[in-house]
Amino acid sequence: MNARRQKSPSGSSRKKTSGATVPSSLPAGDILVDVRDVHMNFGGRDVLRGLSLQIPRGSVTAIMGGSGCGKTTLMNLIGGRLKPTAGQILVDGQSVPDLEKDELFELRKRMALLFQTGALFTDLSVFENVAFPIREHTKLPEPILRKVVLMKLETVGLRGARDLMPSELSGGMARRVALARAIVMEPMMIMYDEPFTGLDPISKGVIAKLIRELNQSLGITSIVVSHDVAETCLISDYAYLVGDGRIIGQGTPAEVQKSGSEHVRQFMDGLPEGPVPYQYPTKTGYIDDLVAGNT
Amino acid sequence: MNAIANLGRIFLSALERLGRAGLFLAETAAGTVTLVRRFPLVMQQVYAVGVLTLLIILVSGLFVGMVLGLQGYNTLVRFGAEDSLGLLVALSLVRELGPVVTALLFAGRAGSALTAEIGLMKATEQIAGMEMMAVDPVKRVIAPRLVAGIIAMPLLAALFSAIGVLGGHLVGVGLLGVDAGAFWSQMQSGVDFQEDIMSGVLKSLVFGVVCTWIAVFEGYDAVPTSEGVATATNHTVVYSSLAVLAIDFIMTSLLLTEV
Ligand SMILES: Nc1ncnc2c1ncn2[C@@H]1O[C@H](COP(=O)(O)OP(=O)(O)OP(=O)(O)O)[C@@H](O)[C@H]1O
Ligand SMILES: [Mg+2]
């Protein structure tokens, strides 16, 4: 919590998030995303096994977990790109898996997903990329559209890069452009999928600061999915730890970092051995597998 | 036993894919309704297809016309009918070679490019990103490309035939000494608008639908990896070419019995 305050001393106090009063059991306040006992099965392999979590409105919530534990899958479930094998997913009171296509699209206008790769349109310039959602969803006159786009680009510090093509951007710049595009429709919620991966420390800091500022100035509920423990803990109000297809730890970042659970410890300290197996699950034993080739 | 089971499985999966392609076409066709308000999107794509294919169409058309001039003259001169060279060149081009060769070139040039473009958009999550922005990629990406292909194909075929006739003229009149007046007048009186020209236009319209449909479906259905996109691009060219030749035979026999 304190770490977060230090990170953005200039942040307006207009937006009081649930941060200060969070009890260790559950995040307080109005719940925007409610995931209940979700199971997800890909071709016979259970990726999620009864995962439940709540995201309070107006907060920054971290979802951390090892590679391949189903974080991106969870984002896709919340965004309605996948349907769960079992369980409920409520966003703003609506059950996402049961929505019709147009209802889902209406909901998606109010939430944004920042892809791991940025997913900028390679045939459009930076400016046009950011303008894309506005052009698609509104009939805003060109002069106003231009102002809106330039304001969002200024927010991410790339107003000067408006005429570049995505191929001319660095990874960090591309992610900032994607961020500008995500906020251009002023969504109620943004899901960031691994916003820090592959960035240098400075770019990481810039992205982290942006996530925090957007949350405070626009009141956007943010979900940060990451395996970058340090950076994520610094900016989040509440953290969930995913492992073994379910939530294995939760609380304020400080609480999670102090947790005594073996599972949580292994992840937070980056230990190779522990309850989370390093090996992708197999049916045959290691020796049997090696010997099998001889016959 | 296993081989038969495999064969059945391949057949079934092919059938399933065909069904999916059909549904996809229906969905795209429904999506074209929204294009009425957004015609610039279509024109942009027509332009893209045109830029890709124009040069190869013009060059090929010229050579095909010149070859027709040579071969036609060689045959006709045996019967003293070399004055009909213009008619022969024009009919071959307008009824048959124009639409077919254009479609084959289109599949190789524009079709493969379409598949690769859409497949890469899928592989780099641009399609998924669009969906998450509440924009339907079928309406925004696929529909304009399908319509553009259908518009572009007859135009390209017409250009191919026109330049082919010029090529035939170049060889027949310029090189082999056929009378220019006879070349043009026989063509003018012999080529029927309804029967010849329109049947050619009809063919290229159908080829436009089929080639673009295959191209956009292969791209949209591609496995989103570089390998998957390469395979899909390959499929586009092979399937389009086979489809064009088969449909050409069917359409020709139908159109001829009608006459
Ligand atoms: N479409 C799919 N089909 C089959 N299996 C899938 C699919 N998507 C994901 N998986 C499997 O689900 C598991 C979780 O994948 P996911 O992408 O959600 O992991 P992640 O937590 O985001 O990992 P990372 O941190 O590496 O991004 C993986 O083991 C993957 O093999
Ligand atoms: Mg992921």
Side-chain angles (χ1 to χ4, degrees), chain A residues 72 75-82 91 96 99-124 128-139 166-167 174-175 177-187 189-194, chain B residues 23-24 26-28 30-31 33-49 51-52 110 113-145 148 216 219-220 222-226 229:
Chain A
T72 301
M75 296 292 95
N76 283 331
L77 285 167
I78 295 174
R81 295 191 57 231
L82 293 173
V91 175
V96 176
L99 291 180
E100 296 292 324
K101 190 172 177 184
D102 18 332
E103 293 170 320
L104 185 61
F105 272 24
E106 276 312 308
L107 181 63
R108 280 180 184 171
K109 284 182 194 168
R110 295 186 292 136
M111 61 184 183
L113 199 165
L114 207 68
F115 284 85
Q116 229 159 329
T117 48
L120 294 178
F121 300 126
T122 40
D123 57 338
L124 298 179
E128 285 303 319
N129 259 290
V130 179
F132 181 86
I134 311 184
R135 289 200 201 282
E136 289 297 317
H137 295 308
T138 71
K139 294 194 179 69
S167 56
R175 219 163 290 175
V177 174
L179 188 52
R181 186 176 68 177
I183 57 173
V184 79
M185 295 295 286
E186 316 234 315
M189 171 172 104
I190 305 185
M191 298 182 275
Y192 302 89
D193 194 355
E194 307 280 5
Chain B
L23 288 178
F24 179 73
E27 195 187 340
T28 311
V33 178
T34 54
L35 289 178
V36 180
R37 284 182 294 114
R38 316 185 55 186
F39 208 66
L41 277 181
V42 178
M43 290 325 289
Q44 226 174 322
Q45 291 305 321
V46 174
Y47 180 77
V49 170
V51 167
L52 276 180
L114 269 181
T115 305
E117 186 191 12
I118 296 170
L120 279 177
M121 285 184 81
K122 195 178 170 193
T124 54
E125 291 182 319
Q126 294 180 52
I127 298 276
M130 214 176 257
E131 277 176 354
M132 279 310 298
M133 281 185 264
V135 176
D136 189 345
V138 171
K139 286 185 189 145
R140 180 60 173 71
V141 177
I142 306 296
R145 284 169 171 77
V216 291
Y220 202 72
V223 180
T225 59
S226 39
V229 175

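The sequence lines fix the lettering, A, B, ..., with proteins before strands; numbering per chain opens at 1.
Interface remark: of the candidates Ala182(A), Ala178(A), Ala119(A), Gly80(A), Ala119(A) forms the most heavy-atom pairs closer than 4.5 Å to chain B. In terms of heavy-atom pairs under 4.5 Å with chain A, the best-connected choice from Arg38(B), Met121(B), Glu117(B) is Arg38(B).
Interface remark: Leu114(A) contributes no atoms to any contact with chain B (heavy atom separation under 4.5 Å).
Residues Phe105(A) and Val135(B) share a closest heavy-atom pair of CE2-C, 3.8 Å. The two atoms that bring Ala134(B) and His137(A) nearest to each other are O-CE1, 3.2 Å, heavy atoms only.
One finds the CE atom of Met132(B) at 8.0 Å from the CG atom of Leu104(A) (value rounded to the nearest 0.5 Å). Rounded to the nearest 0.5 Å, atoms CD (Gln44(B)) and CG (Asp123(A)) are 8.0 Å apart. Asn129(A) CG to Gln126(B) CD: the interatomic distance, rounded to the nearest 0.5 Å, is 8.0 Å.
The pair Glu27(B)-Lys101(A) counts as a salt bridge, with a side-chain nitrogen and a carboxylate oxygen less than 4.0 angstrom apart.
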Exercise for review: May I have the step-by-step check of side-chain contact (heavy atoms from CB on, under 4.5 Å) for Glu136(A) and Arg140(B), ending in yes or no?
Suggested key: CA-CA 9 Å; Glu136(A) 289 297 317; Arg140(B) 180 60 173 71; 2.6 Å; yes
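The closest donor-acceptor contact from the side chain of Arg108(A) to the backbone of Glu131(B) lies under 3.5 Å.
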